[in-house]
Amino acid sequence: MPWPRRGGRSRIPPSRAPPRHRSPMTDRVFTADLAAHFGQEVLLRGWVQRLRETKSTTFIVLKDASGTVQVVADPQKTKPLGLKTEDCVEVVGRPRAEARARQGYEVDLVDVRLLAAAAEGLPFTSMSKLDDVGPEVQLDYRPMTLRTDRGGTVFRVQAALIEGFRAALRRRRFTEIFSSKIVGGGTEGGTNLFEIKYFERSAYLAQSPQFYKEHGVAGLERVFETGHVYRAEPHATSRHLTEYYSLDLEMGFVDGPEDVMQLEREVLSEVFEEVRTRFGDPVPGFDSYLPSLMEVPAWEFGECLERLRSAHGREDLVDDLDPEAERQLCALAEKETGVSAVFVVGFPLANRPFYTHPRGAAGAAQSFDLLFRGLEITTGGQRLHRRADLEEALRGRGIEPSSFEAHLRMFDLGMPPHGGLAIGAERLTGQVLGLKNVREATLYPRDRHRVEP
RNA sequence: GGGGUGGUAGUUAAGUCGGUUAUAACGCCGGCCUGUCACGCCGGAGGCCGCGGGUUCGAGUCCCGUCCACCCCGCCA
């Protein structure tokens, strides 16, 4: 073989293998893996998170993607570089057990190289407490937010939640789909669409993959999609974004919304279990909440109003819940079940989208919300699956069915009774970690006034 | 869209009834320290008090305007 074989890892025949030159990168060791390299010379790469130089000893806490390690050096090797915190460096050293080090081991520095110096006078560092840095300053220097323990954990947990969502659905024969975010019209009724220029005509940013999910059901029976959706709603609250990441699923052959709710109990419980396993419970540094949701109750909308009346004297609610009611319902659920979560079933049909399946004849909908830790994180339900019913629902709202012909045609293909749901990923992340504002769980939040960074 | 709170050092904040040189903590810079990792000790730099106008002998402080941020509500995931 023309290139060095290392550990016999490559099984690709030589003629088809990519050229594999030996480079420092291929030998680079992550700080988390050092225990396997005691006594060897290793290459580490990362950032200077903490630096202390005395006359006789230099201590560098080096941070990389896997964690941190303390590097000990002769100041004669480090002083000439003028190192400072957040510099990007490359370190050659020998790891060894050391009782005086916090981790029980550290690295003796052999050589260090500055890859890129950090500027002086940065507004905060990877050691800053994020609570002491304003949200705007954090956004202006987003990668530094991620380099802190807290900021990094928020987005690692978010990634784990979404990975867990995918895995739980794949285990249940769901297929992931990827639908377009550029659409010709709305699904939910439409004043909250972002209009975009599309060559000689107008198009819109998708506010939901709802129609495409339903089409997916007609072909694949069980589908899910994760992706951004867009709402041109001029909100300015701690829980709204104009662009948010939606965890969407839709399944065929349901008998009612109860099937979808049960699926969500199972999926979220598995997702939370995954986060517990990977990060611990509580997640260190957070007021996290990762309960099993298997026993989450489902309360009828009217029942919720009744409970709010008797427990909190709420007489003001008629056809919807307000944020205070959501918090109160979760508190009531927690008192009864030990878990701060509740499904609210059977909202008034009138303010639901046209495709919503009615519940009985009393003007209620076969739809539900999941309130989790005081905040709505999901809306779901059963959808109409017969073309005639959809046409009637459209006419009932004063909409000419022909304007939805391209969509309605899919219901001529033998559409199963179906239902699904959507979870706001940033809200889920925020509620799981006990964050006060969805923006903390949003890498680059978009709201009424912000489109940068 | 409506309502509220706030903009003071790199960051987070204090600043009384309008009064002399605008504070603190952390961070930063220089020095000391052979086991530091929220180290410690000594010294230092750093400010058009968001911006514009007004009242006043005098404005960080009061008034008007403006920009920005955050919170609550409508609505939503």
Side-chain angles (χ1 to χ4, degrees), chain A residues 48-63 68-75 82 84-86 98-103 106 118-141 144 149 188-189 191-192 207-210 226 228-248 316 319-327 347 351-353 367-372 375-380 421-431 436-442 445 447-450:
Chain A
V48 176
Q49 184 166 58
R50 204 194 301 269
L51 180 68
R52 178 166 155 73
E53 288 182 314
T54 70
K55 186 177 278 179
S56 62
T57 316
T58 295
F59 298 98
I60 300 168
V61 173
L62 185 77
K63 180 186 177 74
T68 61
V69 72
Q70 175 162 277
V71 177
V72 185
D74 179 343
K84 58 188 179 310
T85 53
E86 309 309 337
E98 170 56 69
R100 288 174 296 182
R102 284 275 163 85
Q103 290 166 302
E106 63 188 13
E120 282 180 28
L122 293 171
F124 65 107
T125 72
S126 62
M127 287 301 291
S128 297
K129 277 190 67 183
L130 283 187
D131 288 345
D132 295 338
V133 182
E136 204 176 8
V137 177
Q138 284 189 44
L139 282 173
D140 288 343
Y141 294 85
M144 192 60 79
D149 284 344
E188 316 279 322
T191 57
N192 52 1
Q207 62 189 164
S208 158
Q210 183 59 35
T226 78
H228 280 115
V229 294
Y230 300 87
R231 304 278 167 99
E233 295 157 356
H235 301 126
T237 77
S238 58
R239 62 190 184 282
H240 285 97
L241 300 163
T242 53
E243 175 187 62
Y244 69 91
Y245 204 77
S246 183
L247 309 180
D248 261 277
D316 52 323
D319 55 3
D320 207 355
L321 303 173
D322 63 14
E324 180 64 16
E326 292 176 2
R327 291 188 284 270
F347 280 90
N351 43 27
R352 294 278 149 172
S367 66
F368 64 87
D369 282 359
L370 174 59
L371 310 181
F372 177 66
L375 184 66
E376 175 184 342
I377 60 165
T378 288
T379 290
L421 58 80
I423 305 171
E426 295 88 350
R427 282 192 183 183
L428 178 65
T429 309
Q431 295 311 98
K436 291 193 191 77
N437 191 317
V438 273
R439 280 164 242 215
E440 290 181 61
T442 311
D447 60 32
R448 179 70 182 81
H449 302 286
R450 180 184 290 281

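By convention in this document, chain letters (A, B, ...) are assigned in the order of the sequence lines, proteins followed by strands, and residues within each chain are numbered from 1. On a predicted model such as this, the values are computed, not experimentally measured, just so you know.
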Heavy atoms only: give me the nearest [X]-[Y] pair and the separation to one decimal.
X	Y	answer
A:N192	A:Q207	OD1-NE2, 2.6 Å
A:S238	A:K436	CB-O, 3.7 Å
A:T58	A:P75	OG1-CA, 3.4 Å
A:R50	A:T85	CA-CG2, 4.1 Å
A:F124	A:V137	CE2-O, 3.8 Å
A:M144	A:S126	SD-N, 3.6 Å

I'd like to compare against my own output: the B/S/- annotation of nucleotides 22-34 of chain B with a strict under-4.0 Å heavy-atom distance to protein. -----------BB
Can you give one letter per nucleotide of nucleotides 69-76 of chain B, going 5' to 3': B for a protein heavy atom under 4.0 Å from the base, S for sugar-phosphate only, - for none? SSSBBBBB
Using the [atom1] atoms only, state how far [M] lies from [N], rounded to an integer number of Å.
N	M	atom1	value
B:rU11	B:rC28	P	14 Å
B:rA14	B:rG7	C1'	14 Å
B:rU36	B:rC62	P	49 Å
B:rC67	B:rG52	C1'	10 Å
B:rA9	B:rG15	C1'	14 Å
B:rU16	B:rU34	P	47 Å
B:rG1	B:rC75	C1'	11 Å
B:rG2	B:rA38	C1'	45 Å

Output all residues satisfying ring-ring contact (aromatic ring centres under 6.0 Å, His included) with A:F368, sequence neighbours left out; order by chain, then residue number.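 Partners of A:F368 under the ring-ring contact (aromatic ring centres under 6.0 Å, His included) test: A:F343.
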A:Y230: which residues meet the ring-ring contact (aromatic ring centres under 6.0 Å, His included) condition with it, sequence neighbours left out?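 If we apply the ring-ring contact (aromatic ring centres under 6.0 Å, His included) test to A:Y230, skipping adjacent residues, there are no hits.
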Starting at atom [atom1] of [X], determine the distance to atom [atom2] of [N], rounded to an integer number of angstrom.
X	N	atom1	atom2	result
A:L428	B:rA77	CG	P	15 Å
A:D140	B:rC68	CG	C1'	12 Å
A:E243	B:rA77	CD	P	16 Å
A:R448	B:rG2	CZ	C1'	13 Å

What's the separation between atom CD in A:E243 and atom NE2 in A:H228, rounded to the nearest 0.5 Å?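 Here the rounded value is 4.5 Å.
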Just by distance, do the side chain of [X] and the backbone of [Y] share a donor-acceptor pair under 3.5 Å?
X	Y	answer
A:Q103	A:T68	yes
A:R427	A:V438	no
A:E426	A:Y245	yes

Using a cut-off of 4.0 Å on non-hydrogen atoms, how would the nucleic acid contact of [X] be classed: base, sugar-phosphate, or nothing?
X	value
A:A425	nothing
A:L241	base
A:E106	base

Pick the nucleotide of RNA chain B nearest each of A:P123 and A:F59; which residue has the one closer to the 5' end?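 That would be A:P123.
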More 5' along RNA chain B: A:E98 or A:V438, using each one's nearest nucleotide?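 Closest to the 5' end, via its nearest nucleotide, is A:E98.
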Of the nucleotides B:rG35, B:rG10, B:rG1, which has the atom closest to the A:Q70 side chain?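 Among the listed nucleotides, the one closest to the side chain of A:Q70 is B:rG35.
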Qualifying residues under side chain to side chain contact (heavy atoms under 4.5 Å, CB included), relative to A:D447, sequence neighbours excluded: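 A:R439, A:H449, A:R450.
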Just to be sure I understand: a Watson-Crick pair is purine N1 to pyrimidine N3 plus N6-O4 or O6-N4, both under 3.5 Å. Using that and G-U wobbles, which stems of three or more pairs involve RNA chain B?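 Stem list for RNA chain B: B:1-7 with B:67-73, B:10-13 with B:23-26, B:28-32 with B:40-44, B:50-54 with B:62-66.
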